[in-house]
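One structure below.
All values below were derived from every heavy atom in this structure, side-chain atoms included, with hydrogens, water molecules and symmetry-related copies excluded. All chains are named by letter (A, B, ...) in the order of the sequence lines, taking the proteins before the strands, and each is independently numbered beginning at 1.
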Amino acid sequence: MPELPEVETVRRGLCSLVEGAQIVDARITCRKFRILIPEGLEQSLKGRRILSIGRRAKYLLLELDGGGGRLVVHLGMSGKFFVRNVGQQQGKHEHVTLRLADGREIIFQDARRFGLFLPLTEEHAASLLEHLGPEPFAEDFSADYLAQSLARKGQAIKIVLMDQELVVGVGNIYASEVLFRTSINPATPARDCVHKAAELVCVIREVLQEAIEAGGSTLRDYANASGDSGYFQHNFKVYGRAGESCVVCASKIESIRQGGRSSFFCPACQK
DNA sequence: CCTAGACCCTGTACGC
DNA sequence: TGCGTACAGGGTCTAG
């Protein structure tokens with residue numbers, strides 16, 4: 001499901017809905033995720049207040065009070081993290097339920113279980129977060145930095161943009177959209193894109209920012225923390241549009257496989 | 001080092 | 001209707 005804009009949308013929603021709320025009960029019905037949820041987490045969550053909800057890359061970080069430390073949550077491909085009001089019906093694959101004092105529940109639901117839900121130990125902080133590249137909106141994601149990084153890589157630019165060690169938050173959808181807006185063919189070796197580094201920095205920020213402002217993209221059944229859809233999918237220029245006409249030149253949008261994922265591009269606009 | 005590919009898992013869409 | 005296949009927004013590990 002989620003690239004940076006979707007995760008940020010979820011974060012903002014949760015902040016406004018449950019920041020400061022107290023967890024009165026926790027229920028975990030499946031522990032088998034990318035990393036096993038440790039036994040006994042339920043007990044350690046009881047009575048904790050959620051002080052703040054942050055984000056690093058596509059990871060959500062929930063700060064708890066009372067020495068509860070932090071929870072790290074990743075949505076993988078199919079994960080959802082949302083608040084359910086009293087009386088709303090339960091769905092399938094609701095693996096973690098945090099009941100709040102007012103009766104609402106925070107639900108972590110993830111059909112494919114590629115996500116994770118963990119107390120953030122030192123070890124996990126090191127293995128999950130330490131190797132991550134700069135945030136796209138941070139100053140250290142600069143044109144110079146990107147130019148130097150691209151110069152060292154012969155891999156296709158599409159693959160490189162999705163590498164979370166280079167810059168975090170760009171996934172399969174936004175990589176295709178960024179390359180369309182910068183007129184770069186997704187198969188171009190990264191080192192041949194050095195001259196476009198400054199433009200890439202701008203466009204990556206622009207695309208992600210627009211998507212955040214649209215409340216993320218909703219494909220299939222993704223929803224934000226309140227269960228609402230995003231709107232950015234209506235702004236896709238190439239993603240998921242194979243065979244349709246390019247909005248600029250009317251050529252047919254093509255689809256190729258790169259690193260096991262689909263890439264979409266206009267063969268005329270993106271040489 | 002670097003790369004391509006398999007793999008984790010379930011749901012859905014589509015062709016036969 | 002049912003079955004088989006391919007594919008889905010991510011990340012990690014392995015083999016070459």
Check: Any idea which of C:dT12, C:dG10, B:dC8 is nearest the A:Leu128 side chain?
Finding: C:dT12
Note to self: Between the side chains of A:Arg99 and A:Glu105, is the shortest nitrogen-to-carboxylate-oxygen separation below 4.0 Å, so that they form an ion pair?
What the structure shows: no
Item checked: Length of the CG-C1' vector between A:Asp163 and C:dT12, whole Å -> 12 Å
Check: For the pair made of CG in A:Asp110 and P in B:dC8, what is the distance, rounded to whole Å?
Finding: 16 Å
Item checked: Phosphate OP1/OP2 of C:dG11 contacted by A:His74 side-chain N/O (<4.0 Å) -> yes
Next item on the list: Could you check whether A:Gly154 gets within reach of a base, just the sugar-phosphate, or nothing at all, counting any heavy atom under 4.0 Å?
Entry: sugar-phosphate
Note to self: Side-chain N or O of A:Tyr174 versus OP1/OP2 of C:dG9: is the shortest distance under 4.0 Å?
What the structure shows: no
Next item on the list: May I ask which nucleotide in the shown strands pairs with C:dA15, Watson-Crick or G-U wobble, both distances under 3.5 Å?
Entry: B:dT3
Check: How is A:Gly171 classified with respect to the nucleic acid when contacts are heavy atoms under 4.0 Å: base, sugar-phosphate, or nothing?
Finding: sugar-phosphate
Next item on the list: Kindly assign one of parallel, tilted or perpendicular to the pair A:His74 and A:Tyr59, based on the angle between their ring planes and the thresholds 30° and 60°.
Entry: perpendicular
Margin query: Would you measure the distance from the P atom in B:dT3 across to the matching atom in C:dA8 and give it in whole Å?
Written below: 23 Å
Item checked: Watson-Crick or G-U wobble mate for C:dG9, both contacts under 3.5 Å -> none
Margin query: Rounded to whole Å, how long is the line connecting atom CG of A:Leu132 with atom P of C:dG11?
Written below: 8 Å
Check: Any side-chain N or O of A:His93 less than 4.0 Å from the OP1 or OP2 oxygen of B:dG11?
Finding: yes
Check: Given atom CZ of A:Arg34 and atom P of B:dT10, what is their separation to the nearest angstrom?
Finding: 17 Å
Notebook entry, point to check: A:Arg152 or A:Gly259: which one's nearest nucleotide on DNA chain B is closer to the 5' end?
Noted result: A:Arg152
Check: In whole angstrom, what separates A:Phe114's CZ from B:dC7's C1'?
Finding: 8 Å
Margin query: Whether A:Arg181 and A:Glu206 form a salt bridge (side-chain N of Lys/Arg under 4.0 Å from carboxylate O of Asp/Glu) is what I want to check.
Written below: yes
Notebook entry, point to check: Taking NZ from A:Lys92 and C1' from B:dT12, how many angstroms apart are they, rounded to a whole number?
Noted result: 12 Å
Item checked: Carboxylate-amine/guanidinium proximity below 4.0 Å for A:Glu8 and A:Arg55 -> yes
Note to self: Taking 4.0 Å as the cut-off, does a side-chain nitrogen or oxygen of A:Lys153 come that near to OP1 or OP2 on B:dC2?
What the structure shows: no
Note to self: Using the P atom as the point on both nucleotides, what is the distance between C:dC3 and B:dC9, in whole Å?
What the structure shows: 23 Å
Notebook entry, point to check: Is A:Arg113 side chain donor-acceptor paired with the B:dC9 base, going by distance under 3.5 Å alone?
Noted result: no
Note to self: Base, sugar-phosphate or nothing for A:Arg257? Non-hydrogen atoms, less than 4.0 Å.
What the structure shows: sugar-phosphate
Checklist line | N/O (side chain, A:Arg261) to phosphate O (OP1/OP2, C:dG9) under 4.0 Å | finding: yes
Notebook entry, point to check: Are A:Gln258 and B:dA4 close enough that a side-chain N or O sits under 4.0 Å from OP1 or OP2?
Noted result: no
Notebook entry, point to check: Salt bridge check: are A:Asp25 and A:Lys46 linked by an N-O gap of less than 4.0 Å?
Noted result: yes
Next item on the list: Send over the distance from A:Gln164 CD to C:dT12 C1', rounded to a whole Å.
Entry: 13 Å
Next item on the list: Write down the distance between CD1 (A:Ile159) and P (B:dC2), rounded to a whole number of angstrom.
Entry: 14 Å
Check: Side chains of A:His124 and A:Thr121: is there a donor and an acceptor less than 3.5 Å apart?
Finding: yes
Next item on the list: Look at A:Ser262 and C:dA8 and indicate whether a side-chain polar atom (N or O) is within less than 4.0 Å of OP1 or OP2.
Entry: yes
